[in-house]
Amino acid sequence: VPPHALTDAQALAILGLSQGASETDIQQAYQRLMRRLHPDQGGSSYLAAQINAARDRLLASGRPS
């Protein structure tokens, strides 16, 4: 899923974050989810792609650290 295909609201929901999440919040949520849902950990490629796209979308939005 290309990051531009998601809205900020969708990306926040995927990562379990709320509006105003910082770059640090985004990175921590990403790492927590990938530890559980990465294909190498028994998760799916689809979920990993969604998590990657959500992180990329939100970091491209220029969030504060």
Side-chain angles (χ1 to χ4, degrees):
V1 175
H4 63 275
L6 296 174
T7 65
D8 280 357
Q10 290 170 322
L12 288 166
I14 289 168
L15 294 179
L17 298 170
S18 57
Q19 193 65 34
S22 70
E23 183 176 328
T24 301
D25 296 331
I26 294 164
Q27 292 288 11
Q28 288 174 346
Y30 169 81
Q31 291 170 359
R32 177 178 36 80
L33 288 168
M34 287 304 272
R35 276 193 297 271
R36 260 191 9 230
L37 301 172
H38 191 276
D40 291 346
Q41 301 299 325
S44 75
S45 296
Y46 173 79
L47 290 175
Q50 291 290 309
I51 295 165
N52 283 325
R55 180 204 52 193
D56 293 347
R57 168 67 186 215
L58 294 174
L59 293 180
S61 298
R63 306 249 169 205
S65 302

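The distance from the CG atom of Asp40 to the OG atom of Ser45 is 9.0 Å, given to the nearest 0.5 Å. Going from atom CG of Leu17 over to atom CD1 of Ile26 covers 6.5 Å, rounded to the nearest 0.5 Å. The distance from the CG atom of Leu59 to the OH atom of Tyr30 is 10.0 Å, given to the nearest 0.5 Å. Here the CD atom belonging to Gln31 is positioned 12.5 Å from the NE2 atom belonging to His38, to the nearest 0.5 angstrom. In this structure, CD1 on Ile14 lies 5.0 Å from CG on Leu6, to the nearest 0.5 angstrom. The distance from atom CG of Leu33 to atom CD1 of Ile51, rounded to the nearest 0.5 Å, is 4.5 Å.
At distances below 3.5 Å, at least one donor-acceptor pair connects side-chain atoms of Gln10 with backbone N or O atoms of Thr7. One N or O on the side chain of Asp25 and one on the backbone of Ser22 form a donor-acceptor pair closer than 3.5 Å.
Met34 has its side chain within reach of Asn52: a pair of non-hydrogen atoms, C-beta onward, lies under 4.5 Å apart.
Of all non-hydrogen atoms in Leu15 and Ala54, the two that sit nearest each other are CG-CB, 3.9 Å. Summarising the geometry of Gln19 relative to Leu12, their closest heavy-atom pair is OE1-CD1, 3.3 Å, with the distance given to 0.1 Å. The two residues Arg35 and Gln41 make their nearest non-hydrogen contact at O-CG, 3.4 Å.
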